[in-house]
Amino acid sequence: MKRTHDCGQLRESNSGDIVVLAGWVNNFRDQGKGLAFIDLRDRGGITQVVFNLEDCDAQTVEYAHSLRREDVVAIKGVVQPRQGKANEKLSTGSIEVIGQTIEVLNRTDNPPILPDEHDGEKISEEVRLKYRYIDLRRPRMQEILRIRHLVARTTREYFDEHGFLEIETPLLIKSTPEGARDFIVPSRIYPGEWYALPQSPQIFKQILMVAGCDRYLQICKCLRDEDPRADRQAEFTQIDLELSFVDRDDILDLMEGFMRSLFKQVIDVDLGDIPRMPWSEAMERFGSDRPDLRFDLELQDISELAARTDFRVFTEALAKEDGAVKAIRVPDGAGSFSRKVTDGYNEVARAHGAGGLPTVKYTANGFETGIAKFLDGIGDDLVALLGLEPGDAVLFTADTRDIANTALGAVRLAAAADLDLIPEGRHDALWVIDFPMFKWDDDGKRWASEHHPFTAPRADQLEILESNPGKCLSDGYDFVVNGSEAGGGSIRIHDPNVQKTVFSLLNLSEEEAKSKFGFLLDALRYGAPPHGGIAFGLDRLVMLLAGTDNIRDVIAFPKTQNGGDLMSQAPGPVDMAQLEELQLSVVEKAKSD
RNA sequence: GGGGCGGUAGCUCAAUUGGUUAGAGUUCUGGACUGUCGAUCCAGUGGUUGCGGGUUCGAGUCCCGUCCGCCUCGCCA
């Protein structure tokens, strides 16, 4: 029997048609010897099939009674309007198929989990990952896989229309010193030497620009041997792009068009104008380089007022180099912030480097609790500056400007989640621009790239690149949606001399740079066009579009926090012969204690 | 590498201060039922309490170690 329709297709207009459906038995309801209902499920949906003695022989009805959940069957029958009540939960709920013939394609063992819409979300992730082939049968998972497909399809369509070529870059490449830890692959032909798997195709896509490819696109796997998070996997997918003869605004304009069509086509959301915010403003107002603009609770600088208090936490912070006191006003926070809640925020602030989180409530009687007694001299000015109303709470951080901002930024997110200030279904995007070129690495006592070592300084910043690298701004940009970094890129350095200067600021010797990136430096010497690009995190875009906060939900076969695949049991040992061929041996690490 | 939460029947969970034979729902098995749709009703199967030690008259419960899962800090150019 050949399938004629999928299980989501049939409507009342099909009444009288003879059809063949195939799929999994989602559920069955036996109603006695002569009547049985089978809910048949495939990727398209669910259709009810009914077997009874009026429409088929007793043997077939009995066969229908023997079907169990997740058996795989093909069923031939006639479409008719529902005899009983319609089921509004199903797209096919107004019809049913009168079953006439059953072909069992495969019986199932008793399944460890069921891809049931009611239980699916409750099953522990550990079991879902082990039996991923059953978990993925769930309509929700099928929906996410489809969203992911739509993202890839829309990407290829949009960039094809704008003159991009899809070009593959190698997976076995040379290890690079900057950035994340590499996954490495031993070379059989050169024993003792190693390939690295790409953290991104960065250098290759720049070389494609030197090669005259003009506009490049790739949907590619990237691999970074670092610990995962809820929104991060060691193995992930990027939408990787690079363009020649463009400036920053050309790229941002083109990518905005892409993002708008993506959100429109996949979830029918209008992103509207996408604001561009300097990095310094994002840090000052939101305490984050990826601000969530769906709610207020903006950070305010109260350093001048704080300097007039006798509160040592404030005055000692302000005595530091580039010290600051920041505050957020939490409307109606006085009532909802118990001691337990503010203690929790205190921990958040401490986890981000702040010494603590001074707190005060503002009521009809003025400031109360917490640090109220220290605010006597500045009370009215503080009320005016923050726009306080009775019932508000105020949270403070005091430290170096950087720590005060990031710690309070983290508290801002925690408070918004607690107070339910984040609107459902809303998507607020922005570009963060004018990043610093470098950040100071205190451990390594050197400058490190804020973005990556090929990011160009802004043209108007070239003169301070060497004299004041900490203040030098780059031509980099991040695309941020709902507080999640969904993409990032930059105009690249196309002048080999500027590239050399940046390498030396990163404390990369000329010799080292030559051995690691020599081929890029060479390429830049032979007629490199001005170019720039961006990479979007495809997994994170799918998360946003699908409305999940778990990256494993948007990857068909994801890995766990320990980098394992619970289904295939990777990683695993290999044969001694394989190691010998590679001239490798495993050395047991001595216990340090 | 650090911190936190968790692991009990195939699945989701319960088990009082350390105390009787570790329970419930569901899946599954058998039976009843001709319009159900998370069907219902009756009966039954199902346990290395993650694993290894220890304390105790007695451990799912306390202690030590270890493995696994999740969240998080570090890390992620």
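So you know, we letter chains A, B, ... as the sequences are listed, proteins then strands, and number each from 1.
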Does any pair with a residue in residues 488-514 of chain A pass ring pair (Phe, Tyr, Trp, His ring centres under 6.0 Å), and if so which ones, sequence neighbours excluded? F503(A)-F517(A)

Could you go step by step and tell me if Q142(A) and R41(A) meet the side-chain hydrogen bond (donor to acceptor under 3.5 Å, both in side chains) rule? CA-CA 12 Å; Q142(A) 292 283 329; R41(A) 183 196 72 242; over 6 Å; no

Among residues at least two apart in sequence or on other chains, which ones pass side-chain hydrogen bond (donor to acceptor under 3.5 Å, both in side chains) with T169(A)? Q218(A)

Please report, rounded to the nearest Å, how far the [atom2] atom of [N] is from the [atom1] atom of [X].
{"X": "N550(A)", "N": "U72(B)", "atom1": "CG", "atom2": "C1'", "value": "15 Å"}
{"X": "Q561(A)", "N": "G1(B)", "atom1": "CD", "atom2": "C1'", "value": "14 Å"}
{"X": "D441(A)", "N": "C76(B)", "atom1": "CG", "atom2": "C1'", "value": "14 Å"}
{"X": "E347(A)", "N": "C5(B)", "atom1": "CD", "atom2": "P", "value": "13 Å"}
{"X": "E70(A)", "N": "U26(B)", "atom1": "CD", "atom2": "P", "value": "19 Å"}
{"X": "K85(A)", "N": "G35(B)", "atom1": "NZ", "atom2": "P", "value": "13 Å"}

Holding to ring-ring contact (aromatic ring centres under 6.0 Å, His included), I want the full list of residues that pass it with W431(A), two or more places apart in sequence or in another chain.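 W431(A) satisfies ring-ring contact (aromatic ring centres under 6.0 Å, His included) with F479(A) once adjacent residues are dropped.
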
So which protein nitrogen or oxygen atoms get under 3.5 Å of nucleotides 30-32 of chain B's nitrogens or oxygens?
from	atom 1	to	atom 2	distance (Å)
A32(B)	OP2	K33(A)	NZ	3.3

Going by salt bridge (Lys or Arg N to Asp or Glu O under 4.0 Å), name the residues that satisfy it together with D42(A), two or more places apart in sequence or in a different chain. R3(A)

With a 3.5 Å cut-off and heavy atoms only, can you find an N or O donor on one side and an acceptor on the other between the side chain of R229(A) and the base of C70(B)?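 Per atom types, no contact qualifies.
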
Atom pairs under 3.5 Å: protein N/O with N/O of nucleotides 6-12 of chain B:
from	atom 1	to	atom 2	distance (Å)
G10(B)	O2'	P112(A)	O	3.0
C11(B)	O4'	P112(A)	O	3.4
U12(B)	OP1	S124(A)	N	2.7
U12(B)	OP1	S124(A)	OG	3.1

Nearest-Å distance once atom C1' is located in both U26(B) and A39(B): 14 Å

Separation between the P atoms of G23(B) and U16(B), rounded to whole Å: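 Taking atom P in both G23(B) and U16(B), they lie 13 Å apart.
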
